[in-house]
There are 2 protein chains.
Amino acid sequence: MKDDGEEHGESARRGPTSADKVLAVLSLFSAERPVWSPEGAARRLRVSLATGYRYFNTLVAAGMLEKLHRNRYVLGPAIVELDRKVRAADPVLKLAQPVMERLLRRLREPAAILLCRYYRQKVMCIHQETNRSGEPVSSYERGTLQPMFRGATSKVILAHLPPRIIVNLWRDHRREIAATGMGPSFEDFKAALRALRREPVNVATSEVDEGRTGIAAPIFDANGRVNGSLSIVLLSPPAGTRAVARLAIAVQAAAREIERSRGVTSDKGSKK
Amino acid sequence: MKDDGEEHGESARRGPTSADKVLAVLSLFSAERPVWSPEGAARRLRVSLATGYRYFNTLVAAGMLEKLHRNRYVLGPAIVELDRKVRAADPVLKLAQPVMERLLRRLREPAAILLCRYYRQKVMCIHQETNRSGEPVSSYERGTLQPMFRGATSKVILAHLPPRIIVNLWRDHRREIAATGMGPSFEDFKAALRALRREPVNVATSEVDEGRTGIAAPIFDANGRVNGSLSIVLLSPPAGTRAVARLAIAVQAAAREIERSRGVTSDKGSKK
DNA sequence: ACCTATTTATCACATTGTGAGAATTAGGCG
DNA sequence: CGCCTAATTCTCACAATGTGATAAATAGGT
């Protein structure tokens, strides 16, 4: 499977490589099931018990897994270390963070600012800033995924995705798309996207967290492709149309600011 | 190499496995060199160019790498997703975070609270809370490593590490230990550790960040082993001995609080 | 539409990953 | 303190697959 839902799986003459299966162990771990044993993983991956132990040992050696107890392994500290490197290397994050802080400081009401991006037919949160430390304003924190068709943050990205990906999304999520009202046919879907594209921001309520309202603007890269989105999430419904309009202008301005400062550290730089 | 500096490498009859080398690609990426090409990695890992491409492809397929451009790959979104799972699954973090927030709220001065743990002969920051959003109080953020012998946060953990690990540390870092004044001999080192252990907290200045003072207390697990440390980092030198004493009591209390609430979600729970 | 650097495919060979089972270790419980 | 069983490693033989060298194809930039 490629980075989006390409390749229906036609000419795959060779099976998954050994390293593929070792890496597949990592994706067994989830919030619901954060602890695995070599035995359980071996059964799940259809390999022998001995191989299960071998996989776990190489992952432990790499720090990607950690032995908690006898038969209990969890995701390891190497992941924490790697994520630090991801943060340090992410140019968009580096540019966006101060902008997000400034935007948040202008808001009086309880709110969160989100920076998100496309990833494998979903949208992932890259960073969240909030002005409420106690109760979380949004559950949509770094590393969390949301479906492509729910929430302002997702939809504003969806609207600007390149046609190739749109086709794949339609192919793989027809049912879900229809359920969210973007029409039963591909033409309806494209029309819905065109409509979304006409608005500079997207506003949606209770699509990610109950009672929360998201106001999202797209962020484009130097080539005019969507890079992600910037959103304001409000704890309580906004006072009125004027309040929403004010916030919509603010997110847009912030998104433009991120785009503007982009040029400096852009990837189009030195080629060799 | 095991999880600390064990195994001098004596009976390793088999070389590194394929998956080992694929995972080794990830550790090439660093803050100084966050972008790699299959060619560069292949040269570095002493494999052919074709194999370099193969490794990169399996890592991209797993989302652990992402193709930025033609010849430029960076660490990928799967790492961000995995780190989210690590955070969600970490019982210590879950217990500590509210305690850290409460502790921070009691402080008037610019400060940060750190939660750290032992990892491969170093100490890694797991979480930081700070009351200064603009300028960072401490550079020691999540995923960052510090040497075992510098900083209050590290030393308070070092003091309580099990003998086996202490021996390995001495074996692998004799030079560095001597440089930090913990004596030229192993006996001196052990004496220094005993002295550290006598104090309930450790205080150190300018050992991690210039001008910052750290005040750290150990956190023990249900079996009495060091699990990590909790630290207050002050932006400016503390007013006087009384101020330090007050803060020392506060971190200790917070550490005890984390230990107390531990019982509920401890790993000693349900066995099968 | 070119042109070159990048990336994939081909293929033959040997390395090594694999499963089954034996041997060992380690932890919990009496 | 030492058993006892589950967990983990070891051994080994075999075939699968990872590998390098080279050719073919692809994709970006000009």
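Residue numbers start from 1 in every chain, and the chains themselves are labelled A, B, ... in the order their sequence lines are given, proteins ahead of strands. Note that the structure is predicted; figures quoted are calculated from it, not measured.
Side-chain atoms of T153(B) and S231(B) form a donor-acceptor pair, as typed in the model, at a separation below 3.5 Å.
Distance alone, capped at 3.5 Å, places no donor-acceptor pair between the R142(B) side chain and the H127(B) backbone.
The OH atom of Y53(A) sits 11 Å away from the C1' atom of dT25(C) (whole-angstrom rounding). Rounded to whole Å, atom P of dT8(C) lies 11 Å from atom CZ of R54(B). In this structure, the CG atom of L45(A) is 17 Å from the P atom of dG17(C), given to the nearest Å. When rounded to the nearest whole Å, the span between CG of N71(A) and P of dG27(C) equals 12 Å. A straight line from OH of Y55(B) to P of dT8(C) spans 16 Å, rounded to a whole angstrom. R72(A) places its CZ atom 14 Å from the C1' atom of dA7(D), with the value rounded to the nearest Å. For the pair R46(B) CZ and dT15(C) P, the computed distance is 19 Å after rounding to whole Å. Protein atom CG of L49(A) is 10 Å distant from nucleotide atom C1' of dG19(C), rounded to whole Å.
In this structure, F56(A) reaches neither bases nor backbone, as no heavy-atom distance under 4.0 Å exists between it and the strands shown.
Along DNA chain C, the nucleotide nearest to A50(B) and the one nearest to S18(B) differ in position, and the one closer to the 5' end is contacted by A50(B). Judged by closest nucleotide on DNA chain C, P16(B) is the one of R70(A) and P16(B) placed further toward the 5' end. Along DNA chain D, the nucleotide nearest to K67(A) and the one nearest to T17(A) differ in position, and the one closer to the 5' end is contacted by K67(A).
With dG17(C), dT18(C), dG20(D) as the candidates, the nucleotide lying closest to the side chain of K21(A) is dT18(C). Candidate nucleotides dT18(C), dG28(D), dT9(D) were compared by shortest atom distance to the side chain of T51(A), and dT18(C) ranks first.
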Residues Y73(A), W36(A); criterion ring pair (Phe, Tyr, Trp, His ring centres under 6.0 Å); working and verdict: CA-CA 5 Å; Y73(A) 290 76; W36(A) 283 80; over 10 Å; no

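Ring geometry for F56(B) versus F29(B): interplanar angle of 30 to 60°, hence tilted. Using the six-membered ring where Trp is involved, F220(B) and H160(B) have ring planes that are perpendicular, over 60° apart on the 30 and 60° scheme.
Distances shorter than 4.0 Å separate none of the side-chain N or O atoms of H69(A) from OP1 or OP2 on dA26(C).
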